[in-house]
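Structure record follows, encoded as structure tokens.
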Amino acid sequence: MSSDSHPHTDPVMLREARVEDADRLTRIFLDSRAAAMPYLTRVHSDEATLGWMTHVVLPDTDVWVAELPEGGGEAEPVGFVSVDGDELEHLYLRPDARRRGIGTLLLAKARERSPQGLALHTFQRNSGARAFYERHGFTAVEFDDGSRNEENEPDVRYRWSPAV
């Protein structure tokens with residue numbers, strides 16, 4: 001998950017994800033986790049992760065992609081957010097796209113899609129993600145020993161509610 005401390009300078013565009021994004025979103029997911037959480041146990045192969053992205057994440061959740069223009073003017077996905085109702089399932093950035101405000105834009109899209117509030121889980125050791133969500137008004141509401149996730153990694157549940 002991301003941590004933004006400097007605003008982006010490139011024109012970031014957000015769009016709804018498409019089935020043909022599965023390969024690139026899987027690569028972002030895997031690369032982001034490897035960079036931000038090198039301690040995390042890999043429990044699935046790259047191929048299984050692509051299958052999950054293709055057959056679970058993309059069809060079953062509301063997924064938005066952040067794109068930046070690359071050389072030649074063509075847009076390249078640099079991050080994505082996945083929301084299922086009031087649950088923020090995933091927010092991942094390409095490692096070279098961190099700290100540019102892109103995570104904040106994706107989080108704003110998630111809030112727009114779930115204006116009544118959002119909840120999420122992140123790993124307790126993922127201090128970057130925890131700081132990012134806390135800066136954006138999320139509050140830790142529950143700590144778990146890791147028995148609820150495949151990685152068996154202690155996690156924390158966060159909740160955000162809009163100001164009334």
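Quick note: numbers below take in every heavy atom, side chains included, and nothing from hydrogens, waters or symmetry partners.
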M53-V56 co-clustered via ILVMFWY side chain contacts under 4.5 Å: yes
Salt-bridge present (R100, D96; N to O < 4.0 Å): no
For S82 against T61, the heavy-atom pair lying closest together: OG-OG1, 2.7 Å
Lys/Arg-Asp/Glu bridge criterion (N-O < 4.0 Å) met for D144, R157: no
Transitive ILVMFWY side-chain link L91 to V141, under 4.5 Å: no
Euclidean distance, D21 CG relative to F80 CZ, rounded to 0.5 Å: 10.5 Å
Closest non-hydrogen atom pair between V57 and H90, with its separation: CG2-NE2, 4.1 Å
Note: E142-R148 ion pair, threshold 4.0 Å (strictly below): no
Non-hydrogen atoms of A17 and L25 that approach each other most closely: CB-CD1, 4.3 Å
Closest approach of S32 to Y92 (non-hydrogen atoms, all atoms of both residues): OG-CD2, 3.4 Å
Value rounded to 0.5 Å, distance of CG in L118 from CZ in F138: 5.0 Å
Rounded distance (nearest 0.5 Å) linking atom CG of L68 with atom CD1 of I102: 4.5 Å
Parallel, tilted or perpendicular: rings of F29 and W52 (30°, 60°): tilted
Cluster overlap F143 with L120, hydrophobic side-chain contacts below 4.5 Å: yes
Separation of R33 CZ from R42 CZ (nearest 0.5 Å): 8.5 Å
Between NZ on residue K109 and CG on residue L105, distance to nearest 0.5 Å: 10.5 Å
same_hphob_cluster(V63, L50) at 4.5 Å side-chain heavy-atom cutoff: no
Distance in Å, L58 CG paired with E20 CD, rounded so as to fall on 0.5 Å steps: 9.5 Å
Atom of R94, atom of P77 and distance for their closest heavy-atom approach: NH1-O, 3.6 Å
Which atom of I28 lies closest to which atom of V78, heavy atoms considered: CD1-C, 3.8 Å
